[in-house]
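Report on the following structure.
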Amino acid sequence: MSKGNSGLFHGTLGTTRVNSSLNNTSYSDRGVEIPEHIKQILSKLQNKGDIISGNKDSFSIKDVSVMSKETGVEFAKVSIGNKTYLIRGDKNGAVVPEKLMKKMTKNGGILDFHSHPHDNDCIPSRADREMIKSLKSKTGQSTSRIVTPNGRTVTFNEHGVISTGTVPNLIDESLKQAYLDLWR
């Protein structure tokens with residue numbers, strides 16, 4: 001097992017790549033058209049550290065899985081009240097800015113999920129577990145989720161994996177081909 005240097009919480013949310021982790025070829029490189037709403041989100045998240053906000057239902061875990069596949073970087077979704085924030089990282093992690101972390105602490109915000117940029121890389125790193133431990137003491141949040149580009153998910157806590165799954169396959173026909181290509 002090799003370990004990356006990912007970072008979300010003060011530069012510590014991490015990716016742990018296992019031997020079955022695979023590098024991804026983006027949809028664009030394979031000639032597959034990504035959904036328009038994802039193109040619009042990505043157009044606003046061009047660089048590491050870029051943040052966009054939306055309402056509570058913005059930025060689904062499926063969307064983030066596709067975005068990680070397309071870009072090869074991590075993303076993190078944070079919710080505070082009825083507002084959500086999507087943060088672009090790089091291949092090693094995504095950092096929640098200190099100002100947003102203070103707002104999470106003050107208002108009981110949560111880290112909904114973050115992505116790891118390699119297929120099958122869904123094991124929380126030591127840094128991921130430390131981050132959730134810290135969030136537990138600051139906001140009361142004790143679990144979060146990880147999603148991979150091929151749709152695998154885990155729910156984890158400070159001790160490790162609690163459960164595994166896949167992104168729900170409730171998609172409309174216009175997205176079916178892109179998602180079939182993603183999870184084939």
Exercise. Give a yes or no on whether the backbone of D119 and the side-chain of R152 come within a donor-acceptor separation of less than 3.5 Å.
Key: no

Exercise. For S115 and F75, indicate whether the former's side chain and the latter's backbone hold a donor-acceptor pair under 3.5 Å.
Key: yes

Quiz item: Taking atom CG of D128 and atom CZ of F156, what is their separation to the nearest 0.5 Å?
Solution: 4.5 Å

Quiz prompt | Residues which pass side-chain contact (heavy atoms from CB on, under 4.5 Å) with S58, listed by chain and number, not counting sequence neighbours | solution = N55, T84

Self-check item: Qualifying residues under side-chain contact (heavy atoms from CB on, under 4.5 Å), relative to Q46, sequence neighbours excluded
Solution: S43, D50

Quiz prompt | Nearest-0.5 Å distance, CG of residue L86 to NZ of residue K44 | solution = 11.0 Å

Practice problem: With sequence neighbours left out, write down each residue that passes side chain to side chain donor-acceptor pair (under 3.5 Å) with N157, or none if nothing qualifies. | Solution: none

Quiz prompt | Any residue meeting side-chain contact (heavy atoms from CB on, under 4.5 Å) with K136, in chain and number order, not counting sequence neighbours | solution = S142, E158

Practice problem: Tell me, with the steps shown, if L135 and M101 meet side chain to side chain contact (heavy atoms under 4.5 Å, CB included). | Solution: CA-CA 9 Å; L135 282 175; M101 185 56 68; 3.9 Å; yes

Exercise. May I have the step-by-step check of side chain to side chain contact (heavy atoms under 4.5 Å, CB included) for K103 and V78, ending in yes or no?
Key: CA-CA 11 Å; K103 194 173 183 180; V78 170; over 6 Å; no

Quiz item: Can you name the residues that form a side-chain contact (heavy atoms from CB on, under 4.5 Å) with I51, not counting sequence neighbours?
Solution: Y85, I87, P97

Practice problem: For D112 and S79, indicate whether the former's side chain and the latter's backbone hold a donor-acceptor pair under 3.5 Å. | Solution: yes

Quiz item: Would you say D63's side chain and I38's backbone share a donor-acceptor pair under 3.5 angstrom?
Solution: no

Exercise. Return yes if some donor-acceptor pair links the side-chain N/O of Q141 with the main-chain N/O of T143 below 3.5 Å, else return no.
Key: yes

Self-check item: Which residues share a side chain to side chain donor-acceptor pair (under 3.5 Å) with T153, sequence neighbours left out
Solution: none

Quiz item: Can you check whether S65's main-chain N or O pairs, donor with acceptor, with S68's side chain at less than 3.5 Å?
Solution: no

Exercise. Nearest 0.5 Å please: distance from the CD1 atom of I80 over to the NZ atom of K56.
Key: 12.5 Å

Quiz item: Partners of N82 by side chain to side chain donor-acceptor pair (under 3.5 Å), sequence neighbours excluded?
Solution: none

Exercise. Tell me, with the steps shown, if V96 and M131 meet side chain to side chain contact (heavy atoms under 4.5 Å, CB included).
Key: CA-CA 11 Å; V96 174; M131 176 273 312; over 6 Å; no

Practice problem: Return the set of residues passing side chain to side chain donor-acceptor pair (under 3.5 Å) with K48 (not counting sequence neighbours), or none when no residue passes. | Solution: D90

